[in-house]
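Every chain is numbered from 1, with letters handed out A, B, ... down the list of sequences. Heavy atoms only: backbone and side chains are in, while hydrogens, waters and symmetry mates are out.
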Protein chains: 2
Amino acid sequence: MGKGERTRKDIIDKAFLLAGDIGLEGLSLGALASEAGLSKSGLFAHFKSKEALQLAVIDDIGERVSEIIIRPALAEPRGEPRVRAFFERYIEWIANGRPGGGCIYMALCHEYDDRPGAVRDKLVAGQLEFSATLERLVRAAMDEGHFRADLDPRAFVFEFLGIEMAYQHRSKFLRLPEAHDYARAAFNGLIARSRVPTSPSSTE
Amino acid sequence: MGKGERTRKDIIDKAFLLAGDIGLEGLSLGALASEAGLSKSGLFAHFKSKEALQLAVIDDIGERVSEIIIRPALAEPRGEPRVRAFFERYIEWIANGRPGGGCIYMALCHEYDDRPGAVRDKLVAGQLEFSATLERLVRAAMDEGHFRADLDPRAFVFEFLGIEMAYQHRSKFLRLPEAHDYARAAFNGLIARSRVPTSPSSTE
DNA sequence: TGATTAAAAGCGACCGGTCGTGCTATTAAT
DNA sequence: ATTAATAGCACGACCGGTCGCTTTTAATCA
């Protein structure tokens, strides 16, 4: 029984890596089976359909995100350090590529832009929850006086994710090495704009 | 002959729309053929392979981008209006979805993150050229004193594309209606930071 | 301890379907 | 009659998924 659970986890791990390369939909069960060291029919003993496997992979991604990004960030002091740790963990996840990272929600979405279904719903839910977590961090930093009170946390999240997306796209697809520096600089600018202003009176 | 050229353009138009929905790789020649009103084998009279068709579609996207985004932007006065027109046209392209827009490079890239080939190369080239055009606009605005001299044009382009990506992702996939406003606000912030400072001495 | 047995897991073969891609016959215009 | 273009069709490869059989595993009982 324990052995079986181990196999199931192995399959999800391999599927996680493959999905990072070719997406959740393009993932071939035959390729996954041979990668995980069993036959295609053996897969169906663990997952009753491709969709069930995809949903399991999305669950797994959520757990990885919690473990690798969210939990370590929450271990940091409240306010800017916590938001910054969130950024650092996130950028590191993207930069690592694989193993252990490399596939995050965003790369998997475009396949489902116009394709409704349980997989799409779960992807959307996962990302909304992720955004909400970051938004909560920012809101807490505002409440405790680390960020300016007139900041819009959702706008912050919007810009944050834009930076991460541009970083992922320009480093992984366009292979521009300077993307890393620009991402960090853009994030620093975002933080600077979000901090309470040091000079007391600056009216535009 | 003229008739043939017309048919070829029709096929590319349909392929452009289909690729916007399901990507360049997921595009099915059978679906495309029936959509364009000919048989699957009829396609091969116009394009000798799927790859040739994909390359033609990418060329077509480049022409559309020139026509719909770049050319109108260049008609605006130099400096901020030109950069702003670039942004407005781009955001409009994304918002339109279809017909006539909706498919832009970014949504097509993830399929080729780890798949080398002529299609990937052409996609990369198209995007680098697109980025270079925007970078040239920003650089000109700097040279003519509209933007601050210590601005990094590539960093500007990085943030610009990040905003557009976040907008596309959050409006088309997550269906968040506020994405439009946040994109515009983020762009205004980017412009404000890029302008020459009105208050003469601000060291920080 | 060693034999029995039932269940769990894995395997190869195979199904219907779709894919990209060539070949061939038919059509239609010159 | 010639020729260019098209439709129909067959092909091999691959897809997600099913089925029946064999092997391994682990608990049971003598």
Side-chain angles (χ1 to χ4, degrees), chain A residues 1-58 108 111-112 114-120 122-123, chain B residues 1-58 108 111-112 114-120 122-123:
Chain A
M1 191 206 295
K3 181 80 175 302
E5 285 305 311
R6 178 80 230 127
T7 299
R8 184 187 157 96
K9 182 71 175 120
D10 285 340
I11 294 174
I12 294 181
D13 281 351
K14 300 292 185 183
F16 169 77
L17 293 178
L18 287 179
D21 285 342
I22 53 180
L24 274 174
E25 207 62 33
L27 190 148
S28 151
L29 295 188
L32 170 61
S34 71
E35 191 78 15
L38 35 59
S39 69
K40 201 166 49 157
S41 55
L43 279 184
F44 286 86
H46 296 276
F47 305 93
K48 74 176 199 299
S49 68
K50 184 178 190 178
E51 187 181 64
L53 170 72
Q54 292 169 321
L55 295 177
V57 170
I58 298 175
L108 308 173
E111 304 179 299
Y112 300 97
D114 293 303
R115 190 177 341 204
V119 176
R120 202 199 111 91
K122 204 176 191 70
L123 274 175
Chain B
M1 192 207 297
K3 181 79 174 303
E5 284 305 310
R6 177 79 229 125
T7 300
R8 185 188 157 95
K9 182 70 176 122
D10 286 340
I11 295 173
I12 294 181
D13 280 351
K14 301 291 186 185
F16 170 77
L17 293 177
L18 287 178
D21 285 341
I22 53 181
L24 273 175
E25 207 61 32
L27 190 149
S28 150
L29 295 189
L32 171 60
S34 72
E35 191 78 15
L38 32 56
S39 73
K40 211 168 35 159
S41 58
L43 282 183
F44 284 85
H46 296 276
F47 304 94
K48 73 176 200 298
S49 70
K50 184 179 189 177
E51 189 182 62
L53 171 71
Q54 292 170 321
L55 295 177
V57 170
I58 298 175
L108 308 172
E111 303 179 298
Y112 300 98
D114 292 303
R115 189 179 339 205
V119 176
R120 202 199 110 91
K122 204 176 191 68
L123 274 175

Gap between atom CG of L24(B) and atom NZ of K50(B) - 0.5 Å precision: 9.0 Å

In whole angstroms, the gap separating C1' of dC15(D) from CG of L53(A) amounts to 15 Å

For the pair made of CD in Q54(A) and C1' in dG16(D), what is the distance, rounded to whole Å? 11 Å

Between P of dT18(C) and CD1 of I22(B), the distance in whole Å: 14 Å

What string of B, S and - do you get for nucleotides 20-30 of chain C, 5' to 3', if B is base contact, S is sugar-phosphate-only contact and - is no contact with any protein heavy atom under 4.0 Å? BBB--------

In whole angstrom, what separates R8(A)'s CZ from dA8(C)'s P? 16 Å

Give the table of side-chain donor-acceptor pairs shorter than 3.5 Å for residues 36-44 of chain A, with sequence neighbours excluded, one pair per line with atom names and distance.
residue, atom, partner, partner atom, Å
S39(A), OG, S41(A), OG, 3.2
S39(A), OG, G42(A), N, 3.3

Quick check on DNA chain D: between A31(A) and S39(B), whose nearest nucleotide comes earlier from the 5' end? S39(B)

Measure the spacing between CZ of R120(B) and OH of Y112(B) and express it to the nearest 0.5 Å. 11.0 Å

Counting only side-chain N and O atoms of H46(A), is one of them less than 4.0 Å from OP1 or OP2 of dG10(C)? yes

Decide yes or no on side-chain contact (heavy atoms from CB on, under 4.5 Å) for V119(A) and L108(A), but give the supporting numbers first. CA-CA 10 Å; V119(A) 176; L108(A) 308 173; over 6 Å; no

Name the residue from I12(B), L55(B), V57(B) that meets the side chain to side chain contact (heavy atoms under 4.5 Å, CB included) definition with F47(B). I12(B)

From CG of D10(B) over to P of dT6(D), roughly how many Å is that when rounded to an integer? 12 Å

So, taking the atom named CG in D21(B) and the one named CZ in F16(B), what distance separates them when rounded to the nearest 0.5 Å? 10.5 Å

Rounded distance in Å - CG (L43(A)) to P (dC15(D)): 12 Å

